[in-house]
Number of protein chains: 2
Amino acid sequence: MANKIKFERDEVIRTAGQLFWQKGFNATSTRDLQNAINMRPGSIYAAFGSKEGLYSEAIKDYAQLMQGQLITALNEHESVLNGLAAFVKKVLIEDAQCAPSKLCMLVKANYEFTEDEPTLKLLSTDLANKFEAFLTAQFEKAQQYKELDTKTAAVEYARYFQIQFTGLRSYLNRPNTHALAGPLIEQMFSSIKQL
Amino acid sequence: MANKIKFERDEVIRTAGQLFWQKGFNATSTRDLQNAINMRPGSIYAAFGSKEGLYSEAIKDYAQLMQGQLITALNEHESVLNGLAAFVKKVLIEDAQCAPSKLCMLVKANYEFTEDEPTLKLLSTDLANKFEAFLTAQFEKAQQYKELDTKTAAVEYARYFQIQFTGLRSYLNRPNTHALAGPLIEQMFSSIKQL
DNA sequence: TTTGATTTTGAGCAACTGTTCAAGTTAAAA
DNA sequence: TTTTAACTTGAACAGTTGCTCAAAATCAAA
């Protein structure tokens with residue numbers, strides 16, 4: 001007894017997310033979004049409430065997608081550290097060409113949002129903390145498997161990993177640095193083992 | 001034979017820079033700037049040409065200020081590594097409270113600008129490269145003073161330093177992480193020495 | 001085939017954006 | 001004191017922004 005929704009919600013969120021990831025929240029206009037997802041303002045606002053609402057869905061989707069990629073990489077390797085390295089290589093080398101940005105969308109959010117966008121600042125912080133918790137669990141596993149020393153707490157490994165990963169992505173965002181990706185990833189993991 | 005300029009150019013650039021540093025380029029409106037520097041549009045555009053022009057001056061000023069702080073820290077310490085550590089501590093611990101942002105304005109620029117802002121993207125890249133060159137020179141000095149092994153090239157030390165520093169600042173931008181600053185800086189420098 | 005709840009459309013609003021420029025103000029030089 | 005080039009002012013413009021809402025389109029149920 002009604003008209004049916006004519007768009008695939010997940011697909012729309014994914015496409016909008018690609019734009020947001022590339023240009024950031026502020027630099028993405030609602031007209032940009034309308035064109036990208038091929039929806040008129042009325043439909044967008046009926047489905048997502050606001051530009052902020054759509055962005056929220058998009059960044060949550062991104063975080064879930066990333067965690068999914070990490071889980072896949074971990075499943076494909078016996079060693080936790082090898083799984084983590086495979087994930088980092090996939091993101092920084094394979095996906096680097098086709099992804100909307102070389103930077104992590106979560107970190108980009110962390111850079112963009114200040115106290116005058118409290119909702120989105122909080123959301124990005126929350127997603128980052130959840131990712132850290134997931135990483136910590138993985139490093140605990142690595143310690144159980146005797147891959148890493150237990151003198152350093154798992155959460156410290158997780159922090160160190162994120163600092164390395166974020167710093168590395170930021171550096172590789174500069175022009176003409178692609179060739180450095182491989183060696184710098186090696187360096188990253190050898191320094192993790194030395195922690 | 002004229003009216004005199006009534007504003008201190010350097011002071012205006014500094015104040016505008018603080019706003020840009022805090023909110024980013026896109027989120028800072030020209031009205032925000034007008035209020036902050038207490039100038040009317042006509043004067044601003046006569047002096048700086050455009051919002052981009054003012055931002056350019058501001059980010060160049062920031063880079064120079066930072067390099068000045070680093071030089072000061074290096075002069076106050078016999079050891080290059082101790083000088084670098086003092087600089088990092090000053091930025092991440094002392095200045096962290098009062099600075100407009102916990103993040104580096106150059107890196108923030110690197111995160112914000114895409115190919116549709118080619119001028120500012122290029123400028124931020126250029127300033128980052130110049131900072132790397134300066135850092136490389138310092139690590140060369142550290143090697144000459146036998147503070148660091150010469151097996152690793154100075155430019156690799158400089159890259160590693162930047163990756164650590166950027167990653168660390170990004171991490172410390174998260175809420176409730178201030179207490180971690182000290183230990184993480186120690187960790188950073190012990191890992192540099194192990195490189 | 002009609003009904004009616006639901007979704008889609010897109011013109012358009014009010015606020016904000018970066019920027020311009022004619023008019024006013026200033027102060028050194030004549 | 002007058003002149004005049006330089007600087008400041010702020011109203012206003014044209015374009016963009018996020019968003020609304022009445023009207024049109026849609027389709028399952030009656």
Side-chain angles (χ1 to χ4, degrees), chain A residues 1-13 15-59 109 112-121 123, chain B residues 1-13 15-59 109 112-121 123:
Chain A
M1 46 124 123
N3 190 1
K4 272 187 180 168
I5 289 180
K6 284 174 187 55
F7 63 91
E8 292 287 329
R9 192 165 224 270
D10 295 356
E11 198 181 299
V12 161
I13 291 170
T15 307
Q18 304 252 98
L19 241 193
F20 278 131
W21 184 7
Q22 184 188 111
K23 299 165 74 88
F25 179 75
N26 282 302
T28 306
S29 75
T30 51
R31 318 276 176 204
D32 289 339
L33 291 165
Q34 286 164 37
N35 294 335
I37 69 184
N38 193 32
M39 282 173 76
R40 263 33 68 201
S43 296
I44 297 176
Y45 282 79
F48 302 104
S50 65
K51 184 188 171 186
E52 243 191 53
L54 178 51
Y55 182 88
S56 298
E57 301 273 310
I59 197 172
E112 179 164 17
F113 300 126
T114 60
E115 290 69 29
D116 31 64
E117 240 126 10
T119 312
L120 295 180
K121 173 137 202 87
L123 176 58
Chain B
M1 46 119 120
N3 190 3
K4 274 188 180 167
I5 288 180
K6 286 176 185 51
F7 63 92
E8 291 288 329
R9 192 165 224 271
D10 294 358
E11 199 182 298
V12 161
I13 290 170
T15 307
Q18 303 252 98
L19 241 194
F20 278 131
W21 184 8
Q22 184 187 111
K23 300 166 72 89
F25 178 76
N26 281 304
T28 305
S29 75
T30 51
R31 319 275 180 211
D32 290 339
L33 291 166
Q34 286 165 38
N35 295 335
I37 68 183
N38 193 33
M39 283 173 75
R40 264 31 69 201
S43 295
I44 298 176
Y45 281 79
F48 303 104
S50 65
K51 184 187 171 186
E52 244 191 53
L54 178 51
Y55 182 89
S56 298
E57 300 273 308
I59 197 172
E112 179 165 17
F113 301 126
T114 60
E115 289 70 28
D116 30 65
E117 240 125 9
T119 311
L120 295 180
K121 172 137 203 89
L123 176 58

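Model, not experiment: these values are computed from the prediction. We name chains A, B, ... by the order of the sequence lines, and we start the count at 1 in each one.
For the pair B:M39 CE and D:dC7 C1', the computed distance is 10 Å after rounding to whole Å. Put simply, CG on A:D32 is 11 Å from C1' on D:dT16, counting in whole angstrom units. Following rounding to the nearest Å, B:R40 (CZ) and C:dT26 (C1') show an atom-to-atom distance of 16 Å. Per the geometry, CG belonging to A:N26 stands 13 Å off C1' belonging to C:dT17, to the nearest Å. B:F20 has its CZ atom 11 Å from the C1' atom of C:dG18, to the nearest Å. In this structure, B:E8 atom CD and D:dC7 atom P are separated by 15 Å, rounded to whole Å. Following rounding to the nearest Å, B:N35 (CG) and C:dG18 (P) show an atom-to-atom distance of 12 Å. Across the protein-nucleic acid pair, B:Y55 atom OH and C:dT17 atom C1' stand 18 Å apart, rounded to whole Å.
For B:T30, the side chain to side chain contact (heavy atoms under 4.5 Å, CB included) test picks out B:Q34, B:Y45, B:K51, with sequence neighbours left out.
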Steps toward side-chain contact (heavy atoms from CB on, under 4.5 Å) verdict (B:D116, A:K23): CA-CA 9 Å; B:D116 30 65; A:K23 299 165 74 88; 3.8 Å; yes

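Aromatic ring orientation, A:F7 versus A:F48: tilted (interplanar angle from 30° to 60°). The aromatic rings of A:F113 and A:F25 stand perpendicular to each other, their planes meeting at an angle above 60°, with 30° marking the opposite boundary.
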Return the polar atom pairs (N/O with N/O) between nucleotides 19-21 of chain D and the protein under 3.5 Å, or none.
unit_1	atom_1	unit_2	atom_2	d
D:dC19	OP2	A:Y45	OH	2.6
D:dC19	OP2	A:K51	N	2.9
D:dC19	O5'	A:Y45	OH	3.3
D:dC19	N4	A:R31	NH1	3.3

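B:F48 comes within contact range of no nucleotide atom at all, as no heavy-atom separation falls under 4.0 Å.
The minimum heavy-atom distance linking A:I59 with A:A109 is given by the pair CD1-CB, 3.7 Å.
Interatomic distance, B:I44 CD1 to B:I37 CD1, rounded to the nearest 0.5 Å: 4.0 Å.
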